[in-house]
Amino acid sequence: MKEFTYTGHPARVVFGSGTVRQIASEVERLGCKRALVLSTSHQAHEAVALSRLLGHLAVGRFTSAEIHTPVAVTQRAVETADEVKADCLVAIGGGSAIGLGKAITLHRKLPQIAVPTTYAGSEMTPILGQTDNGLKTTIRNTSLLPKAVIYDVNFTLSLPPALSATSGMNAMAHAVEALYAKDGNPVISMLALEAIRALSDSLPAIMKDPSDVEARTKALYGAWLCGIALGTTGMALHHKLCHTLGGSFNLPHSETHTVVLPHAAAFNAPAVGGALDKVAEILGAKQPGDGLYEFARMIGAPVGLKEIGMPEDGLDQAAEIATQNPYWNPRPFTKQQIRSLLDDAYFGRPPSN
Ligand code: NAD
């Protein structure tokens, strides 16, 4: 076994069905009395329901969270937090609501309790990605980590099947990159493989029946583990490509991860000493990239950047940006190789590396 360093993040997790009923006691456990509830406008009704559960502990709601955490939205949310004299934040939703909570924490040091309703995993990471004037930057700081996370499977039952598929693939991407991360370690690899197993079992069942509570529970469990993997290890080529495509071409977050993942995995597989062999085995394929590609197709997820709004004439620029300030990657690459990878991803071809 190679030498490694493992830094675990402290996190309290309450997991199950109906667990949201514990929200008031979790706020009190933090010694807080004045919660500001956060959500996107789409989930404002969930924020109202959560406020009811919190009773006198809820002092306000901010329901305008947006994808990619625009700083202008954060400024308004911080003003609301000040106005209502919030002493903590309760975010319900996916990475957008939880990201807003982290952004407010950055300015006001308010502790956050997250109630995730997608599989994106932000709740388990000390990472905040925010956008200003169309530019997305990332901050990593342990103070941003939510103090408690309530996973309640009931909130995921309403996640539309298409978003369930891509959000699940988004989670898998965290696990795949953790398996070959520069700072990877046996503990995280064990979690990552368990997560990929859980998601590969549950997502097809969810596509058949989105109200299958057992499958939803397994997917949420897998997503939690993927979030730990993302929060604990550094990410590589796959995440760099997705940040480039999302940040500079405004492509949708989970769909982009879904399309890029098979190609990034196929590209890196020859350079990671068999670290992805088990991924292929779990997916019943010879190669991890092929396995992920076929899996995405099987669950009806998009496989081409063309399908999700990427302009063909932007591919050169994307290759340029992705290779300018590259993240560490196990396999060195040239701009031409990335351009060719993006070409396969654009047309939805199986990975060729
Ligand atoms: P999202 O939070 O933007 O949600 C997408 C849409 O689905 C929203 O309208 C939301 O309200 C709705 N939605 C969420 N859960 C639902 C449910 N159960 N039922 C019905 N509708 C539901 O999507 P996301 O993919 O979770 O998050 C994407 C954002 O999170 C991006 O900005 C991304 O950069 C960020 N993110 C950050 C990290 C991190 O560690 N910092 C990790 C993953 C994602």
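Every number for a ligand or one of its atoms is a count from 1 in the order of the listing.
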Novice: What atoms of ligand 1 come within less than 4.0 Å of a heavy atom belonging to His68?
Specialist: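 Selected atoms, number and element: 32 (O).
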Novice: Would you call the rings of Tyr151 and Trp224 parallel, tilted or perpendicular, taking 30° and 60° as the class edges?
Specialist: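 Correct class here is tilted.
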Novice: Answer yes or no: is there a side-chain heavy-atom contact under 4.5 Å between Asp82 and Glu79?
Specialist: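 The answer is no, as the side chains (C-beta and beyond) never meet within the 4.5 Å cut-off.
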Novice: Report whether Met190 and Met124 are members of the same hydrophobic cluster (ILVMFWY, side-chain heavy atoms less than 4.5 Å apart, transitive linking).
Specialist: no
Novice: How does His253 reach ligand 1, by side chain, by backbone, by both or by neither, if only non-hydrogen atoms under 4.0 Å count?
Specialist: side chain
Novice: Among all protein heavy atoms, pick the one closest to atom 10 (C) of ligand 1 and tell me residue, atom and distance.
Specialist: Gln43 OE1, 3.4 Å
Novice: Below 4.0 angstrom from a heavy atom of Leu163, which ligand 1 atoms are there? Numbered from 1 as shown, please.
Specialist: 7 (O)
Novice: Give me the nearest non-hydrogen protein atom to atom 38 (C) of ligand 1 as residue plus atom name, then the distance to 0.1 Å.
Specialist: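 Protein heavy atom with the smallest distance to atom 38 (C) of ligand 1: Ser122 CB, 3.5 Å.
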Novice: Counting heavy atoms only, which of His42, Arg140, Met124 is nearest atom 12 (C) of ligand 1?
Specialist: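 Selected option, by shortest heavy-atom distance: His42.
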Novice: Give the residue and atom name of whichever protein heavy atom lies nearest to atom 15 (N) of ligand 1, and the separation in Å to one decimal.
Specialist: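 Protein heavy atom at minimum distance: Thr117 OG1, 2.7 Å.
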Novice: Mind telling me whether His174 and His257 have parallel, tilted or perpendicular rings, with 30° and 60° as the class edges?
Specialist: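 Judged by the thresholds at 30° and 60°, the geometry between His257 and His174 is perpendicular.
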Novice: Does any N/O atom on Ala97 come nearer than 3.5 Å to any N/O atom on ligand 1?
Specialist: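 Among all N and O atoms of Ala97, none is under 3.5 Å from an N or O of ligand 1.
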Novice: Is there a side chain to side chain donor-acceptor pair (under 3.5 Å) between Thr125 and Lys102? Walk through the geometry before answering.
Specialist: CA-CA 10 Å; Thr125 84; Lys102 290 176 179 176; 2.9 Å; yes
Novice: Going by the order shown, which atoms of ligand 1 are within less than 4.0 Å of some heavy atom of Ala120?
Specialist: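 Under 4.0 Å from Ala120, ligand 1 has these atoms: 24 (P), 25 (O), 26 (O), 42 (C), 43 (C), 44 (C).
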Novice: If you apply the rule side chain to side chain donor-acceptor pair (under 3.5 Å), what do you find for Ser202 with Arg216, and how did you get there?
Specialist: CA-CA 7 Å; Ser202 55; Arg216 286 288 191 184; over 6 Å; no
Novice: Consider only side-chain heavy atoms of I, L, V, M, F, W and Y, link residues closer than 4.5 Å, and tell whether Tyr221 and Ile299 are in one cluster.
Specialist: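 Yes.
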Novice: For ligand 1 and Ser96, I'd like to know whether there is a polar contact (N/O to N/O, distance under 3.5 Å).
Specialist: yes
Novice: Tell me which protein heavy atom sits closest to atom 4 (O) of ligand 1, plus the residue, atom name and distance to 0.1 Å.
Specialist: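 Scanning the protein heavy atoms, the shortest distance from atom 4 (O) of ligand 1 goes to Thr118 CG2, 4.4 Å.
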Novice: In terms of the angle between their ring planes, are His243 and Tyr327 parallel, tilted or perpendicular, with boundaries placed at 30° and 60°?
Specialist: perpendicular
Novice: At what distance is the nearest protein heavy atom to atom 17 (C) of ligand 1, and which residue and atom is it?
Specialist: Ser158 OG, 3.5 Å
Novice: Hey, which atoms in ligand 1 end up nearer than 4.0 Å to a heavy atom of Leu230?
Specialist: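 In order of numbering, the contacting atoms are 40 (O), 42 (C).
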Novice: Please determine whether any non-hydrogen atom of Lys102 lies less than 4.0 Å from an atom of ligand 1.
Specialist: yes
Novice: Can you name the closest pair of heavy atoms from Leu225 and Ala195 and give their distance?
Specialist: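 Closest approach of Leu225 to Ala195: CB-CB, 3.7 Å.
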Novice: Using a 4.0 Å heavy-atom cut-off, say whether Thr69 meets ligand 1 through its side chain, its backbone, both or neither.
Specialist: neither
Novice: Please work out whether any backbone atom (N, CA, C, O) or any side-chain heavy atom from C-beta onward of Phe155 is under 4.0 Å from ligand 1, and answer side chain, backbone, both or neither.
Specialist: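 Answer for Phe155: backbone.
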Novice: Is any side-chain N of the basic residue among Arg12 and Glu26 closer than 4.0 Å to the acidic one's carboxylate O?
Specialist: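 Result for this pair is yes, salt bridge flagged.
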Novice: What are the atoms of ligand 1, with element, lying closer than 4.0 Å to any heavy atom of Ile67?
Specialist: 3 (O), 31 (C), 32 (O)
Novice: In the structure I gave you, are the side-chain heavy atoms of Pro161 and Ile206 within less than 4.5 Å of one another anywhere?
Specialist: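 No. Closest side-chain heavy atoms not under 4.5 Å.
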Novice: Please work out whether any backbone atom (N, CA, C, O) or any side-chain heavy atom from C-beta onward of Ile127 is under 4.0 Å from ligand 1, and answer side chain, backbone, both or neither.
Specialist: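 Within the 4.0 Å criterion, Ile127 contacts ligand 1 through backbone and side-chain atoms alike.
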Novice: Which heavy atom of the protein is the closest neighbour of atom 34 (O) of ligand 1, given with residue, atom name and distance?
Specialist: Lys136 NZ, 2.7 Å
Novice: Heavy-atom contacts with Thr125 under 4.0 Å: which atoms of ligand 1 show up? List them by number with element.
Specialist: 39 (C), 40 (O), 41 (N)
Novice: Please say whether Thr40 places an N or O atom under 3.5 Å from an N or O atom belonging to ligand 1.
Specialist: yes
Novice: Tell me which protein heavy atom sits closest to atom 27 (O) of ligand 1, plus the residue, atom name and distance to 0.1 Å.
Specialist: Gly95 N, 3.1 Å
Novice: Would you call Arg197-Glu194 a salt bridge at under 4.0 Å N-O?
Specialist: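 Salt bridge present between Arg197 and Glu194.
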Novice: Using a strict cut-off of 4.0 Å, indicate which atoms of ligand 1 neighbour a heavy atom of Leu159.
Specialist: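 Heavy-atom distances to Leu159 below 4.0 Å select 15 (N), 16 (C), 17 (C), 18 (N), 19 (N).
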Novice: What closest approach, in Å, do Ala120 and Gly95 show between heavy atoms, and which atom pair accounts for it?
Specialist: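 Scanning both residues, the minimum pair turns out to be CB-N, 4.5 Å.
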Novice: Measure the shortest side-chain to side-chain distance between Leu179 and Ile196 over non-hydrogen atoms and say whether it is less than 4.5 angstrom.
Specialist: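 Yes. Closest side-chain heavy atoms under 4.5 Å.
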Novice: Which atoms of ligand 1 sit under 4.0 Å from any heavy atom of Gly94?
Specialist: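 Numbered from 1, ligand 1 contributes 2 (O), 26 (O).
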